[in-house]
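The structure under discussion appears below in the form of structure tokens.
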Amino acid sequence: RLSLDVNRIERNRSTESIQRKENEGQPAQREGTDRTIPDDRGRNDATQQRREQQTQQQVQMKEKRQELKKKEAELKGKLSLLTGLVAVLVIVDNCTRRCLGLPVFLEGRNVTADSIVEALRLRREEIKNPILVLGSILAERMKEAVAGKIIISISSFDSLRALSRLKSKPDFHLKIDTGMHRQGFLDGDIFSAKGGSASGGKLIKLLKRFKLCPQGIFTHFAAAGDITYPTYTLEQLKKFNKVISEFEKAGFKDLIRHAAASGATLLFPQSRLDMIRVGMGLYGYWPSRVVKVKHPVRLVLKPVLSWKTV
């Protein structure tokens, strides 16, 4: 009986010790076991803390997304002002441009754009100069070119056929691929298979059949900015002059001929022909560091545009 009473007293003390520890917020361990009784209250606090952190992170991410959308909208607004080659510089009249030191667009001076979208934007800015779109154009947008009095480029037979179906046709230039291998008609499209025939190849025959007369003809140099290897550019120019001769034999005379961008304009004077297409040079940049070093005439170009992250 004494032994039983002693065991009962020890168990009671052990239970009281466990309860006291639990009340104090400490994990308790029962006698004779390795298992620690978890503190549910502490675990609940940790879970609640994690949930609060996740909620806070979600709120922060949402705020960042909203901020990015706002910046994106602002950037689109700024980019829309820069659409086209020089749309930003030609909103005011010539007198105001001179006062601001901005380029003056002379009446009749040609302007080039990459796409019909850029060309139409220039028209909305009341630019009345002749505008030539150098890039390809979808058939369904050719009527917009007619309405805006925009000159388009034809570089494929599909575009040529689409043009022929229009009742009112825009002026157009033909693009010839002499080695850029991007867009344009190839040698086999232009020259007769018999050789020496004045009737020309498929392209010239279709032009005559559709009664289409191009206003101009052009090509694009692949490496005019590489002064260390002028052979390829000179070969392209030779090929282009041969194409022009073929068109003249077929009766297409007085075509506006152009081939030179900024690099060729500076390094290959013989490629300037009737018109030049300065892009990088217009913005005040050299086409390449080599061109700047090797150019025989001292020329100062000052950048007029810069991009910065916000």
Side-chain angles (χ1 to χ4, degrees), residues 73 76-97 102-177 182-185 189 203-204 206-220 247 252-259 261 273-279 282-283:
K76 285 182 178 179
K78 292 178 181 178
L79 287 176
S80 66
L81 296 176
L82 296 173
T83 303
L85 290 177
V86 283
V88 170
L89 303 178
V90 291
I91 297 174
V92 291
D93 60 20
N94 283 349
C95 180
T96 307
R97 291 190 195 114
L102 298 176
V104 176
F105 278 78
L106 301 177
E107 185 177 355
R109 186 68 58 85
N110 290 320
V111 178
T112 59
D114 178 67
S115 67
I116 185 66
V117 176
E118 292 180 350
L120 292 173
R121 175 58 192 267
L122 289 171
R123 283 288 183 253
R124 288 199 300 273
E125 300 295 346
E126 300 182 358
I127 304 306
K128 298 177 181 177
N129 303 62
I131 300 175
L132 168 63
V133 174
L134 294 173
S136 58
I137 181 173
L138 297 174
E140 54 266 26
R141 305 209 69 171
M142 288 184 179
K143 291 182 179 179
E144 295 180 75
V146 175
K149 295 183 180 180
I150 294 167
I151 308 165
I152 65 172
S153 297
I154 298 296
S155 57
S156 68
F157 288 111
D158 288 339
S159 296
L160 188 66
R161 293 188 180 93
L163 178 66
S164 68
R165 290 191 289 268
L166 295 177
K167 292 182 179 180
S168 180
K169 300 175 178 59
D171 290 330
F172 68 97
H173 289 202
L174 293 172
K175 182 167 186 179
I176 309 300
D177 185 356
R182 187 168 61 187
Q183 294 176 349
F185 295 99
D189 302 326
L203 175 59
I204 292 177
L206 283 179
L207 287 170
K208 290 183 174 182
R209 183 191 304 174
F210 297 147
K211 297 181 180 180
L212 297 173
C213 183
Q215 183 191 69
I217 186 169
F218 71 101
T219 191
H220 197 131
F247 272 87
F252 296 97
K253 301 183 183 296
D254 299 323
L255 296 174
I256 300 174
R257 308 160 304 159
H258 50 107
L273 304 176
D274 300 319
M275 188 169 71
I276 58 175
R277 309 184 304 262
V278 287
L282 181 66
Y283 286 118

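The shown structure was predicted, so the numbers you read here are calculated from the model rather than taken from an experiment.
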Pairs of donor and acceptor atoms involving the side chains of residues 139-148, under 3.5 Å and at least two apart or interchain, shall be tabulated with distances.
from, atom 1, to, atom 2, distance (Å)
Arg141, NE, Glu144, OE2, 2.7
Arg141, NH2, Glu144, OE1, 3.1
Arg141, NH2, Glu144, OE2, 3.3

Practice task
Using side-chain hydrogen bond (donor to acceptor under 3.5 Å, both in side chains) as the criterion, list what pairs up with Arg123, not counting sequence neighbours.
Solution key: none
Handout entry: Among Ile151, Ile256, Ile152, the one residue meeting side-chain contact (heavy atoms from CB on, under 4.5 Å) with Asp171
Key = Ile151
For a quick test of reading the model, state the closest non-hydrogen atom pair linking [X] to [Y] and the distance between them.
X: Pro170; Y: Ile150; result: CB-O, 3.7 Å
X: Phe157; Y: Leu203; result: CE2-CA, 3.9 Å
X: Ile137; Y: Ser153; result: CG2-O, 4.4 Å
X: Val133; Y: Ile116; result: CG1-N, 3.8 Å
X: Gln183; Y: Ser136; result: NE2-OG, 3.8 Å

Exercise for the section: Name all pairs fulfilling the side-chain hydrogen bond (donor to acceptor under 3.5 Å, both in side chains) condition that reach into residues 157-168, sequence neighbours left out, sorted by first residue then second. Expected result: Ser156-Ser159
Do the non-hydrogen side-chain atoms of [X] and [Y] ever get within less than 4.5 Å of each other?
X: Phe210; Y: Leu163; result: no
X: Ile217; Y: Phe185; result: no
X: Leu132; Y: His258; result: yes
X: Phe218; Y: Leu273; result: no
X: Glu125; Y: Leu122; result: no

Exercise for the section: Without swapping roles, check the side chain of Asp274 against the backbone of Arg257 for a donor-acceptor pair under 3.5 Å. Expected result: yes
Handout entry: Crowding at NZ, Lys253 (>12 non-hydrogen neighbours, <6.0 Å)
Key = yes
Handout entry: Leu134 side, atom CG; Lys175 side, atom NZ - distance, nearest 0.5 Å
Key = 7.5 Å
Handout entry: Nearest-0.5 Å distance, CG of residue Asp177 to NE2 of residue His220
Key = 11.0 Å
Practice task
Might you work through the side-chain contact (heavy atoms from CB on, under 4.5 Å) test for Leu207 and Leu160, ending with a clear yes or no?
Solution key: CA-CA 8 Å; Leu207 287 170; Leu160 188 66; 3.8 Å; yes
